[in-house]
Each structure stands twice: as C-alpha cells, then as structure tokens.
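Let me begin by presenting the structure, written as structure tokens, before commenting on it.
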Amino acid sequence: MNDQVVPRALKFVNLKGIVALKEGILYTLPLLIIGSIFLLIGSFPYAPVVEFINEIGWKGALDQVTGATFNISAIVAVVGIAYSYAKNEKVEPLSAGFLGFVCFLITLRSSILSEGNEVATNIIDRTWTAGQGMIGAIIIGLIVGAVYSLFLKKGLTIKMPQGVPTNVASSFAALVPGIVLITGSAIIYQIFDLMGTTLIEAIYHAIQAPMQGVTDSLFGIILYCTIATVFWWFGVHGGSIVTGIMGALLLSNLTANQAILDSGQALTVENGAYIVTDQFTAVFINLTGTGTTLGLVIFMAFFAKSKQLKELGKLSFIPSIFNINEPVIFGTPIVMNPFLFLPFVLTPTLVGVLMYGAIAFGLVPPFSGVTVPWTTPAIISGFLLGGWRMAVAQVIILGISIAMYFPFIKKVDNMNLILENKGE
C-alpha cells in the first residue's frame, strides 16, 4: 500500500484538473448553504410555521432565493473551476472564469417550447444550470481553464504596450484564447443541435446519469467508505481523494432531489429521489468525522483506564461533537494501528448500508436540497434536514459507533495500561 497505492493516489489527488475541480466546486457551497437557510424556513419541519409564512405571503420570496442559489450551481462550478485552474497556473484567472461561463451558456439551448406550444426565446434553461448540468460544467471548466492557461503561458496573446493599465492589458490578453474557445463552443453547439440535443444534455445522459446511479447504490456506499477510511488509516487525507472522485456527483444527487420538490412532487424514492447525496455522507457516514468515531471518543473520555487514552478522550470530545476528529485519528492513533483498522473501516460502511435501507423502505426521508455546515452537531443536523426521524437515526448511528469500537479500543486501552504500569 505504501509503495504502490498511496503514491498513485496522491499523484491523482494533485493532478491540475483534480485540484481545480476540488477548489472550484467549493465556490458553490456558500450559495447552497445560504439557499438552504431560506429553503429550510419555507419548508420548516413544523406545520404552523409553514402556514404562517404562506399567510403573510413570503413563500414566493423564499422560493426566489432558493431558485437563484440551487438552480445555478453548475454555472458557479464552471466559473470556479476555470478560475481555479488559471489561478493555479499563475495566470490572470478572472477572464478564464468568465470564458467558462460564456462557453457553458453557448452549449445550452436559448429557446424552449412552452406548455402552450409557443416558442420562448432568449432564455437560460435552469434545468441544465443546476445538478443535471454539473458534469458538463466540470468538463467545460477544466477545458477552458487548461486552454486559456496554455495560450497565456505560451505567449499566444495580444500584448499591449508598456504603460497600459494592468486590467486593460489582462482583458486584451484574453482575446485570442477567448476567440478560440468561443468559436469551438459555437461549433460544438451546432453539431449537437443538428442531432437534436445539446452537449450538456448528451453528457448528462451518456455519462452523468449512469455515474449518479453508481453513487446512489450500496456499491457506491461501500466504495466511498472504503476509499475514505483506508487512506486515512495510512495517514493520507481520504476525504480529499473520495471528494475528487465522487463529490460532484453526490452534490448533483442532492440538487436533483430538490428539483423533485420544486416540481410539486413528493420527495420519495418512488418519484426518483436519490438516497446517497452529499448530505447523506455528511450526516450519516461521516457523522462525528470520518470513521464515525464518537463511540471511540466516548469510551476514551469516560471509560478508559490508561492515562493516555483518557486525556486524549477529554481533549477530543468537544471537537468530535462538531465532526472534527483529526485529534483522534492521529492521537490515539488510528493511523497504522492494526487494532482499530476494522472498526474504522466497517463502522461507517455498516452505517451507510443501514441508512440506505432506512431511506429505501421509507423509515427515514430522503435528503432535500437543504444543507447544513459540516460542523453542525449530530441530532441537530438530523432534525434540521429530516425532522425527528432523521434525528432518531443519528442517535442509532451513535449507538452503533459505541458498539463497534468498544471491544477494539478496550484492547488498546488494556495494552496502554500495562505499558504505563511498567513505566514505559
């Protein structure tokens, strides 16, 4: 693992495109969190609150905010990815972000057929500017960022004389790569238009939909948990690796669920809701941190006999409540510890499989577009995202964590106690 797998994984994580993807996608999170606040108010898990909002006429304004944040996530992503790629290449990045935005719009339809069979023109179809357009946005953002950066680094630009303001010079520097990228986008639009579709729609049906189907499965859960925990066990940030592979798809699953609610349908698996989303991993699989480690911390803080584990448990208890468990991973340590490998890998996997079944059978509701900051404590996050049933599910998860870690950490505690009694 150390000689063959870990170096290759780190090489993958540090690829220019993967770094730009991870950094660029992050620009969508503030908007999604802000939109979630308004969405949560408009669909608060307490009927009198919702009725009051409808009575005072504020439902429309809340929906406006939700639509203006959730439904443009792909646009924000394409700008952020192109911008991040250019910034990491040490060239002027803002023009790259704008070019990514323009190229993305060129590939979309600018007219649709209304319900009355009338053609509506000069529109931006928000069907494809949210989750369904995410993979297309990623591809366009990476291509625009790479081509733009290549042109500037090779000097294939219009160079202004000395003394011209920097912002003016930067604008003209973007002309040559801009002409190439925009012309290429126009050609691509024409080719796909002749086939009766668009690039974004073709990418969605050929690539994104099948990939989302894989993530929204038991296999996807097992793959996610295995990658994250095994690499963390070797001391490598497994979250970065798994986010680079699956993060955008899980975010697309989340926005697709919100689209079901926006269409007026009930958010159920029968209506096409995805089970495994960005929030599924945050508040179920990674509850209290990668490995679902609060059970481990509880044992150390309240039941450990060795001084080392008891002190570490006390220090780690509060951070673990807020889903920060690096002190536990490196302090216990879990890294390279053969006694804690099995519970570290199996606990989140078991949680993921059980919660998948709970949502599939209707015991717990699927996740809507509401998101909460990853530091939101357990039970609180569950109640905000899915009411009392999801809060109860998190209580069960914490119980599973305690049960899974107890026999393993007890063994480690006994070994530490023996060493401490020997003065070692």
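Along the sequence shown, the residues carry numbers beginning at 1. For clarity, every value in this text was computed on a predicted model and none was experimentally measured.
Here the closest non-hydrogen pair linking Thr215 and Leu249 is CG2-CD1, 3.8 Å. In this structure, Gln394 and Val283 approach most closely via the heavy-atom pair NE2-O, 3.1 Å. Contact between Ala393 and Met355 at its shortest, heavy atoms only, is CB-SD, 3.8 Å. A pairwise comparison of heavy atoms in Thr229 and Pro348 identifies CG2-CG, 3.8 Å as the closest pair.
Rounded to the nearest 0.5 angstrom, Leu398 CG and Ile379 CD1 are separated by 6.0 Å. Between the OG1 atom in Thr293 and the CD atom in Glu326 there is a gap of 9.5 Å [rounded to 0.5 Å]. Rounded to the nearest 0.5 angstrom, Met195 CE and Gln190 CD are separated by 10.5 Å.
Lys16 NZ: 12 or fewer foreign heavy atoms inside a 6.0 Å radius. Within a 6.0 Å sphere centred on CZ of Phe38, heavy atoms belonging to other residues, nucleotides or ligands number 12 at most. A 6.0 Å sphere centred on CZ of Phe303 holds no more than 12 heavy atoms belonging to other residues, nucleotides or ligands. The environment of CZ in Phe330 is crowded: more than 12 heavy-atom neighbours from other residues, nucleotides or ligands sit within 6.0 Å.
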Exercise for review: Take Ser263 and Gln265 through the test side chain to side chain donor-acceptor pair (under 3.5 Å) and record every step on the way to the result.
Suggested key: CA-CA 6 Å; Ser263 69; Gln265 301 181 69; 3.1 Å; yes
Check your understanding: side chain to side chain donor-acceptor pair (under 3.5 Å) between Gln212 and Asp216: does it pass, once the steps are laid out?
Key -> CA-CA 6 Å; Gln212 285 184 245; Asp216 190 48; over 6 Å; no
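One N or O on the side chain of Thr281 and one on the backbone of Asp278 form a donor-acceptor pair closer than 3.5 Å.
Each of Ile200, Thr107, Thr197 was scored for a side-chain contact (heavy atoms from CB on, under 4.5 Å) with Phe192, with one residue passing: Thr197.
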Could you list the donor-acceptor pairs under 3.5 angstrom formed between side-chain atoms of residues 337-344 and any protein atom two or more places apart in sequence or on another chain?
unit_1	atom_1	unit_2	atom_2	d
Asn337	OD1	Phe339	N	3.0
Asn337	ND2	Pro333	O	2.9

Would you be so kind as to tabulate the donor-acceptor pairs closer than 3.5 Å made by side chains of residues 127-147, with sequence neighbours excluded?
unit_1	atom_1	unit_2	atom_2	d
Thr127	OG1	Asp125	OD1	2.8
Thr129	OG1	Asn71	O	2.5
Thr129	OG1	Arg126	O	3.4

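A ring-ring contact (aromatic ring centres under 6.0 Å, His included) check over residues 269-302, counting only residues at least two apart or in different chains, returns the pairs Phe280-Phe284, Phe284-Phe367, Phe299-Phe406, Phe302-Phe317.
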